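Heads up: the structure comes next, in C-alpha cells.
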Amino acid sequence: STWLPSAPGVCSRCVCVRYLDGLNAEHKFRYTDKEEVVLWMNTVGPYHNRQETYKYFSLPFCVGTKKTISHYHETLGEALQGVELEFSGLDIKFKEEVMQTTYCDIELDKPKRDAFVYAIKNHYWYQMYIDDLPIWGIVGEADENGEDYYLWTYKKLEIGQNGNRIVDVNLTSEGKVKLVPNTRIPMSYSVKWKKSDVKFEDRFDKYLDPSFFQHRIHWFSIFNSFMMVIFLVGLVSMILMRTLRKDYARYSKEEEMDDMDRDLGDEYGWKQVHGDVFRPSSHPLIFSSLIGSGCQIFSVSLIVIILAMIEDLYTERGSMLSTAIFVYAATSPVNGYFGGSLYAKQGGRRWIKQMFIGAFLIPAMVCGTAFFINFIAIYYHASRAIPFGTMVAVCCICFFVILPLNLVGTILGRNLSGQPNFPCRVNAVPRPIPEKKWFMEPAVIVCLGGILPFGSIFIEMYFIFTSFWAYKIYYVYGFMMLVLVILCIVTVCVTIVCTYFLLNAEDYRWQWTSFLSAASTAVYVYMYSFYYYFFKTKMYGLFQTSFYFGYMAVFSTALGIMCGAVGYMGTSAFVRKIYTNVKID
C-alpha cells in the first residue's frame, strides 16, 4: 500500500536533505546513466509526535551490503532540527532498473520483535531521501484484534526522471510478514524508472497542499482582519480629528481666560499631565532592552518573510531556521540602536549593562528553553538532542557576532538619537494620579489590549501551528506578510486608543501600559496553543509535550515582545504629536 503524506498528511520537515557523494559534499542534481544514486535513511518516530524522532537504525532494521557513506550536518538549521542521515546500503543507479532483490535479513529474536511491536503499536513511520526528495513509509501494522503484528519488508521504489534529473520519487510498501520470534525476515527492494514531464524546479509542488492553505476560510480570515483594520483606523482617526480638535479648542479657550477664571474653571484631560507624560518609565533599563529586542524581532520577521516569498526556502532542509538565525545575528544593530537611544533619552547611565541585557534577552530565553528540552531529548535518545558542537557554534554567534553588532548599534543610537528632545518640560515633582473608574486602571487596559490583535491573527495561527506541529509545508508567505501588516496596524491602533483614555484620566504611566497592552497578545496566543494541543493534535508523552509547550512559550513571548515594541513605538509618536500641538505655559 502506498504511504504518502496527504491530509492530514505526513509532510514532515520537507526542508529536504542534500545529497552528498561519498567523498565530498557536492550536490548531485544531474546524473549520467548508471551513476550511483544514494538513498539516505533519516529518522523514525511516532506519527502523532512529529518532533519525537530517532535514528532509523535505532530500530533493528538491517543494512544493505553496499559500502557506507558518511553524512555530516551541512547547516546549523539541519543540526538543530535533529536530522540524522544514514546510508541505506541499497545499490541504486540512475536509469538502471532493479527487480525485487533481497538486500539483508533480520534475525528476529525476542528483543528485536519487542522493539518492532512497540513501534507498530505507536504508529511509527520513517523518512528517507533520494536526491533531496523526501519519501515516507510506515514500519508495519497490527491486525484488527491487535494480537498479531506485521512488518512491511519490501520497498518498491518508483523514480521519475526528466532528462538527467530526478523529479519524482514514490514508495510502495509491500511484503507483509508476521512478527514471530526466532525467525529470519528477508528485507527486499526494487527500483523502477519512468520518464516524467515534471520540471525540476516544480518537483516539490506535489508536497504542497493548496486545498488546505488556500481554503476559503483563509481568504475570509484575511478579509475579516482587513475589516477590523478599517474599523480601528476609523476609530483612531475620529479620536485624532474630532476629539483632539475639541480638546485643542477647549485648551485654547482656557488660554484666553484670565488667571481667576482659569482657577475657577474645571480643568481636566490629557493636557493636565503635560509635565509628567515624558517622565522616564519605571525600570528604564529592562524597558529599553525589551523595546530594542522587539524592534529586532520585527525586523527579523519582515526580512525572513520577504526572503521566503522570493526564495522557496522549504525546498532545502533546515534553510528556514538557518536563515532566521543569520538574519537575527545580522539585525543586532537594530536592537542596540533602538534600545540604546531610548535608554539614553530616559537618562539611563548604565548603558553597558543595558546593552548586555538587550543583546542576550532573546538568545538566553531561546537557549534556556532548548537546554531544558535537550536534557529530555538526551534521556529519550532522540535525534532532536542538540550536539555539543552545535551548542558551541550558537554560543560563538552570540558572543562574537550578536554582541559586537549590538555594541555598534548602541553607540550609534546614543549618539544620533539619544537626546531627550521632548516637546514638554518634565516637572521635578511627580503629579499625584487621581482616582478613576476600575476599567481605566492600567491592569484592566493591559488585559483587554491583546484581544483585538489576537483576533486579527488567530486563524493564521492555526495554519502556522499546523505546518509546524503537523505534516504540512507552509508556503503562503504572502498571507503571512499581510497578517504581519494587519497585526502591526491593529496593535498600534489599539494601544493609541488605550493610551488616549489613560491620559484623559490623567494617568501618565503610558509607557509600560502601551507596551504590556500590546504584549498581552502573547497570553492569548499561548492560551490558544493549549486549545490546539488538546483538540487539534494527538500528541502524547513527556518529550513531545515539553517540546510543544516549551517552544510555544518561546514563540508567544517573542511575539508579545514584538507586539509590545510596535505598540509602544506607535503610541510614542502619537503622544509626541498631540503634546507638540498644544500650547503650554
Side-chain angles (χ1 to χ4, degrees), residues 1-7 9-14 16-19 21 27-44 47 56 61-66 69 85-104 124-141 150-177 186-209 314-315 317 471 473:
S1 56
T2 302
W3 205 79
L4 278 172
S6 58
V10 179
C11 215
S12 151
R13 292 188 307 275
C14 252
C16 299
V17 175
R18 293 186 177 260
Y19 166 70
D21 71 19
H27 293 267
K28 290 278 189 182
F29 289 132
R30 294 179 186 276
Y31 295 87
T32 56
D33 287 3
K34 297 193 176 181
E35 185 178 351
E36 184 182 5
V37 176
V38 175
L39 174 66
W40 293 108
M41 312 310 290
N42 184 22
T43 51
V44 63
Y47 175 74
Y56 176 79
F61 287 112
C62 55
V63 191
T65 54
K66 200 161 172 59
I69 302 172
L85 297 184
E86 295 173 290
F87 183 46
S88 61
L90 301 189
D91 191 10
I92 302 173
K93 291 186 169 62
F94 191 67
K95 290 188 182 177
E96 189 176 277
E97 300 213 345
V98 179
M99 301 304 289
Q100 183 172 358
T101 306
T102 299
Y103 61 89
C104 67
Y124 270 43
W125 61 279
Y126 58 87
Q127 187 181 38
M128 309 183 292
Y129 286 99
I130 286 183
D131 193 57
D132 266 21
L133 290 171
I135 322 157
W136 294 268
I138 197 157
V139 171
E141 63 178 46
Y150 299 88
L151 186 71
W152 294 108
T153 62
Y154 175 28
K155 293 179 176 63
K156 194 174 177 182
L157 290 162
E158 190 176 86
I159 306 174
Q161 46 88 13
N162 189 344
N164 60 355
R165 291 180 151 187
I166 293 173
V167 293
D168 186 29
V169 184
N170 286 309
L171 169 70
T172 306
S173 295
E174 294 182 0
K176 195 161 75 169
V177 174
M187 302 295 289
S188 59
Y189 79 108
S190 67
V191 181
K192 185 181 178 183
W193 292 86
K194 61 170 187 176
K195 286 188 177 180
S196 174
D197 296 327
V198 177
K199 293 180 181 176
F200 181 78
E201 52 272 16
D202 299 331
R203 65 186 192 149
F204 277 92
D205 290 357
K206 69 176 267 190
Y207 300 108
L208 308 180
D209 191 355
Y314 58 81
T315 62
R317 187 196 58 259
Y471 300 95
I473 303 176

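Atoms considered below: every heavy atom in the structure, side chains included; atoms not considered: hydrogens, waters and symmetry mates. Bear in mind the structure is a predicted one, so any value in this text is a computation, not a measurement.
- Here the OG-CG distance, from Ser196 to Asp202, works out to 10.5 Å after rounding to the nearest 0.5 Å.
- Every residue two or more places apart in sequence or in another chain that forms a salt bridge (charged side-chain N to carboxylate O under 4.0 Å, His left out) with Glu158 is listed here: Lys194.
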Please assess Leu171 against Trp136 for the test side-chain contact (heavy atoms from CB on, under 4.5 Å), listing each intermediate value before the final yes or no. CA-CA 7 Å; Leu171 169 70; Trp136 294 268; over 6 Å; no

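- Proximity of a side-chain donor or acceptor of Thr153 to a complementary backbone N or O of Gly175 within less than 3.5 Å is detected.
- Side-chain N or O atoms of Arg203 include none that pairs as donor or acceptor with a backbone N or O of Val198 at under 3.5 Å.
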Please lay out, stage by stage, how Val37 and Ile130 fare under the test side-chain contact (heavy atoms from CB on, under 4.5 Å). CA-CA 7 Å; Val37 176; Ile130 286 183; 3.7 Å; yes

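- The side-chain hydrogen bond (donor to acceptor under 3.5 Å, both in side chains) search around Tyr154 returns Ser190, not counting sequence neighbours.
- Between the Thr102 side chain and the Pro186 main chain, no donor and acceptor come within less than 3.5 Å of each other.
- Taken from CD1 in Ile92 to CD1 in Ile159, the straight-line distance is 5.5 Å, to the nearest 0.5 Å.
- Summarising the geometry of Thr65 relative to Tyr103, their closest heavy-atom pair is CG2-O, 3.9 Å, with the distance given to 0.1 Å.
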Is there a side-chain contact (heavy atoms from CB on, under 4.5 Å) between Leu133 and Tyr207? Walk through the geometry before answering. CA-CA 10 Å; Leu133 290 171; Tyr207 300 108; 3.9 Å; yes

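- When side chains are defined from C-beta on, Lys206 counts as touching Asn170, because their heavy atoms get closer than 4.5 Å.
- Annotation: side-chain hydrogen bond (donor to acceptor under 3.5 Å, both in side chains) contacts of Lys192 (sequence neighbours excluded): none.
- Taking CH2 of Trp40 as the start and CE of Met128 as the end, the distance is 14.0 Å to the nearest 0.5 Å.
- Under the 4.5 Å side-chain criterion, counting only non-hydrogen atoms from C-beta, Ile135 is in contact with Leu157.
- The distance from atom CZ of Phe200 to atom CG of Asn164, rounded to the nearest 0.5 Å, is 9.5 Å.
- Closest approach of Cys104 to Val63, counting heavy atoms only: CB-O, 3.5 Å.
- Every residue two or more places apart in sequence or in another chain was checked for a side-chain hydrogen bond (donor to acceptor under 3.5 Å, both in side chains) with Arg165, and none qualifies.
- Evaluation of the ring-ring contact (aromatic ring centres under 6.0 Å, His included) rule for Tyr150 yields no partner, not counting sequence neighbours.
- Applying side-chain contact (heavy atoms from CB on, under 4.5 Å) to Leu90 and the options Thr101, Val38, Val98, Leu39 leaves one that passes, Leu39.
- For Gln100, the side-chain hydrogen bond (donor to acceptor under 3.5 Å, both in side chains) test picks out Ser188, with sequence neighbours left out.
- Remark: side-chain polar atoms of Tyr471 are paired, donor with acceptor, to backbone N or O of Tyr47 under 3.5 angstrom.
- Residues Gln161 and Lys195 have side chains in contact (heavy-atom distance under 4.5 Å, counting atoms from C-beta outward).
- Remark: Phe94 engages Tyr31, Trp193 in a ring-ring contact (aromatic ring centres under 6.0 Å, His included) (not counting sequence neighbours).
- Judged by the 6.0 Å and 45° rule, Lys155 forms a cation-pi pair with Phe61.
- Legend: residues meeting salt bridge (charged side-chain N to carboxylate O under 4.0 Å, His left out) with Lys199, ordered by chain and number and at least two apart, are absent.
- Atoms NZ and CG, on Lys176 and Leu151 in that order, are 11.5 Å from each other to the nearest 0.5 Å.
- Pro134 has its side chain within reach of Phe204: a pair of non-hydrogen atoms, C-beta onward, lies under 4.5 Å apart.
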Tell me, with the steps shown, if Leu208 and Tyr314 meet side-chain contact (heavy atoms from CB on, under 4.5 Å). CA-CA 10 Å; Leu208 308 180; Tyr314 58 81; 3.5 Å; yes

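- Taking Val44 as the reference, Tyr54, Ser58, Leu59, Tyr124, Tyr126, Val139 meet the side chain to side chain contact (heavy atoms under 4.5 Å, CB included) condition, with sequence neighbours excluded.
- If you take CG on Asp131 and CZ on Arg30, they are separated by 11.5 Å, rounding to the nearest 0.5 Å.
- A search for salt bridge (charged side-chain N to carboxylate O under 4.0 Å, His left out) contacts involving Asp33 returns Lys95, not counting sequence neighbours.
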